[in-house]
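We use all heavy atoms of the structure for the numbers below, so side chains are in, but hydrogens, waters and symmetry mates are not. Chain A is the first sequence line, chain B the second, and so forth, proteins listed ahead of strands; every chain is numbered from 1. The model shown is predicted, which means the values in this text are computed figures rather than measured ones.
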Protein chains: 2
Amino acid sequence: IIRTENLTKTYRLGETGVKALRGVSINISKGELVSIIGPSGSGKSTLMHLLGCLDTPTSGKYFLEGEDVSKLNDIQLANIRNKKIGFVFQMFNLLPHLTVLDNIILPVVYNAKSNLREAERKAMKLLESVGIEKRAKHLPAQLSGGERQRVAIVRALINDPLIVFADEPTGNLDSKTGLEIIKILKELNEEKGVTEIIVTHDPSITQFTHKIIHIRDGFIEKEIENGHV
Amino acid sequence: IIRTENLTKTYRLGETGVKALRGVSINISKGELVSIIGPSGSGKSTLMHLLGCLDTPTSGKYFLEGEDVSKLNDIQLANIRNKKIGFVFQMFNLLPHLTVLDNIILPVVYNAKSNLREAERKAMKLLESVGIEKRAKHLPAQLSGGERQRVAIVRALINDPLIVFADEPTGNLDSKTGLEIIKILKELNEEKGVTEIIVTHDPSITQFTHKIIHIRDGFIEKEIENGHV
Ligand SMILES: Nc1ncnc2c1ncn2[C@@H]1O[C@H](COP(=O)(O)OP(=O)(O)OP(=O)(O)O)[C@@H](O)[C@H]1O
Ligand SMILES: Nc1ncnc2c1ncn2[C@@H]1O[C@H](COP(=O)(O)OP(=O)(O)OP(=O)(O)O)[C@@H](O)[C@H]1O
Ligand SMILES: [Mg+2]
Ligand SMILES: [Mg+2]
């Protein structure tokens, strides 16, 4: 479902450039559960943003469901994102002026076929599954770090995405709450065949993924098939 | 150095209120290394904000170095913060329009006795110790999550604080980078006697602290002296 050829991403900073990715070629099959691990600054979020169609590579190719999306414009990317992708950002990226509920159903608003009443019902159900249904009408600023992280996760799932990209989804959560999130992600994959790419340094996540991609300094260091899964 | 009596904090939300802290009484000695653990939403950051003089309690008393700071006004609190406290926020709270270096020396600017040239030298040294000296002139948006976290940590240390409050300082860091941060915090405590309160769910931190405070639903569940340390 995902295939990349020699992806590179260089951020221009005035004179210099930061080579965030230096030639990444990976393959991910439909329904696969993949974790990406690596040191801080190694390129994990950058790779996620490219795979999640939030940005385009400096060079190289990215085939999503066989279609070359490497050079699409913003509108085309937004379209794909809305139909196929759910993204949990490392920094949550919740809109401060919208309530928890509105933050979650925002992706639905952009979806032509959407039914808002249905979406609200579904959002409340998902909020309940992560234990914060009582905060639906509150603003992000009124939530704890881990509560905001849970809202970000729910928002990523609201459109029944084909692929979920989660950038350190349990970073701000205690182990118990973290395990609940992991359980949700696991079920989503096992019961609905959702493909999931999870950046993490939480071993309780890597242990249940099919494949672990090790990244370092913008390169893929190694890929490990997880025999136990 | 820190003594609280029945601290409570209730956030008013229209009609209702969220009881974030429900009567917290703790004692922390000078030079002690304390970790605070507990589920997401249990009141950790709220307690840290009160102890770090960023906010005042709804009721109860807080004695910092014997002085009752429970009812000080913003200016008095800011004064204490600037002189005695270093705070690493869970969300980093870096100013987006300032470079990494300027974000770090900002606390120094407010300090009457400060010498900016000296501060810059020191900031660069600290940035080096966390491996991001090359990014000193970049903006937060140009940094990875873990790099921003490291900037937030350096900023908390620039004024040689008496007490350091770190709210999940390794949440966005891979284990190796996390260990480097832990090493820095440890040395600071052992060599300079800095008192440190660290919110975390990272066991590699709790294992080296003198005391572990367990918080749940706004209450202190238990305090454990760490015999090994
Ligand atoms: N500004 C606010 N307004 C209203 N409620 C708040 C506010 N800040 C925090 N709360 C609520 O108070 C409770 C405690 O929040 P706090 O941030 O202290 O938890 P925490 O233990 O740090 O959680 P986490 O581990 O998720 O960061 C939570 O239920 C939270 O939603
Ligand atoms: N917008 C940007 N402009 C310039 N450089 C950037 C930008 N975003 C990221 N970088 C740099 O690219 C490199 C890779 O960043 P990336 O965010 O992908 O790392 P990461 O592996 O996600 O790190 P972390 O684990 O700390 O979140 C880092 O050195 C970072 O500073
Ligand atoms: Mg990242
Ligand atoms: Mg918190």
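Contact count versus chain A (heavy atoms, under 4.5 Å) is highest, among B:Gly171, B:Gly14, B:Gly43, for B:Gly171. Between chain B and the residues A:Pro39, A:Gly178, A:Gly131, A:Ser42, the most heavy-atom pairs under 4.5 angstrom are made by A:Pro39. Listed options A:Arg150, A:Arg148, A:Lys137, A:Lys134 were ranked by heavy-atom pairs under 4.5 angstrom with chain B; first place goes to A:Arg150.
For A:Glu168, the part sitting under 4.5 Å from any heavy atom of chain B is the side chain, from C-beta outward, and nothing else. Heavy-atom distances place the side chain of A:Leu13, and not its backbone, under 4.5 Å from chain B. Interface remark: A:Ser45 contributes no atoms to any contact with chain B (heavy atom separation under 4.5 Å).
Atom CG of A:Asp74 sits in a sparse spot, with 12 or fewer heavy atoms from other residues, nucleotides or ligands closer than 6.0 Å.
Here A:Asp174 contributes atom CG and B:Lys44 contributes atom NZ; the two are 6.0 Å apart, rounded to the nearest 0.5 Å. Expressed to the nearest 0.5 Å, how far OG1 of B:Thr170 lies from NE2 of A:His201 amounts to 7.0 Å. If you take CD on B:Gln149 and CD on A:Gln90, they are separated by 9.0 Å, rounding to the nearest 0.5 Å.
Side-chain contact check for B:Arg135 versus A:Val18: some heavy-atom pair is nearer than 4.5 Å. Considering only heavy atoms from C-beta on, A:Ser40 comes within 4.5 Å of B:Ser144 through its side chain.
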